[in-house]
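Have a look at the structure below, then the notes.
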Amino acid sequence: MSPFHLKVYDLVSKIPKGKVTSYGFIAILLGKPRAARQVGWALFNMPEGLDIPWWRVINSKGFISIKNPNAPKQLQKELLEKEGIAVSDKYMVDLKRYNWKPKSSSLHLCP
DNA sequence: ACGGTGACGAGAT
DNA sequence: TATCTCGCCACCG
């Protein structure tokens, strides 16, 4: 469990219900603009007990981009729809509409 | 060590 | 618009 992974979990847990963001944006917020793939890796290897809204993270195109057999696309689609987010039959979300913009005050980083 | 892989992303075609 | 290509970087065998 790397420090970077812990930061990912901490930040994702701050995404409010009904909003989504992208892997790359999370990487940028954590100060590593080229670590989008590592954000995906962090969520792929997510500890079970941590209660993280992983389903609110999608790719920059707005598509559900999940390959974990334990959490199929269909499940992520249902979880998003349950909080009022429209998901197309091709697993696409309107990023313009549901994009999360965190307040800078809520980001205590600086490692 | 080292090449292949991938919950990514941006730019080219 | 839909693909394709390439850069990226931690992880794995």
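Chain naming here is simple, since letters A, B, ... match the order of the sequence lines and numbering starts at 1 in each.
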Least distance between heavy atoms, [X] atom then [Y] atom:
| X | Y | value |
| --- | --- | --- |
| A:L80 | A:W55 | CD2-O, 3.3 Å |
| A:Q38 | A:R34 | NE2-O, 4.0 Å |
| A:K19 | A:W100 | CB-CB, 3.9 Å |

Exercise for review: Answer with yes or no whether the side chains of A:Y91 and A:Q74 bring together a donor and an acceptor at under 3.5 Å.
Suggested key: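 The criterion, which ignores hydrogens and geometry beyond distance, is satisfied for A:Y91 and A:Q74.
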Review point. Between which nucleotides of DNA chain C, read 5' to 3', does contact with chain A run, using atoms under 4.0 Å from its heavy atoms?
Key: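 Span of nucleotides near chain A: C:dG7 to C:dC11.
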**Study point:** Within 6.0 Å of CG in A:D51, more than 12 heavy atoms from elsewhere
**Key:** no
**Study point:** Basic-acidic side-chain contact under 4.0 Å: A:K82, A:E78
**Key:** no
Practice item. Using a 4.0 Å heavy-atom cut-off across all strands, classify A:S22 as base, sugar-phosphate, or nothing. Key: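 If one applies the 4.0 Å heavy-atom cut-off, A:S22 turns out to touch the sugar-phosphate alone, with no base involved.
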Check your understanding: Between which nucleotides of DNA chain B, 5' to 3', does chain A make heavy-atom contacts below 4.0 Å?
Key -> B:dG6 to B:dA10
Exercise for review: Answer with yes or no whether the hydrophobic clustering places A:F63 together with A:V20; edges join I, L, V, M, F, W, Y residues whose side-chain heavy atoms lie under 4.5 Å apart.
Suggested key: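 In one cluster: no.
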Review point. A:Y9 vs A:H5 aromatic rings, parallel, tilted or perpendicular, using cut-offs 30° and 60°?
Key: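 Geometry flag for A:H5 against A:Y9: perpendicular rings.
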Practice item. Give, ordered by number, those residues of residues 34-69 of chain A having at least one heavy-atom distance below 4.0 Å to an atom of DNA chain C; if nothing qualifies, reply none. Key: A:R34, A:R37, A:Q38, A:W41
Exercise for review: Given side chain to side chain contact (heavy atoms under 4.5 Å, CB included), test A:R56 with A:K17 step by step and report yes or no.
Suggested key: CA-CA 8 Å; A:R56 294 171 189 155; A:K17 187 177 180 181; 3.5 Å; yes
**Study point:** A:Y23 OH to A:S65 OG distance, which is reported to the nearest 0.5 Å
**Key:**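 If I round to the nearest 0.5 Å, the distance is 5.0 Å.
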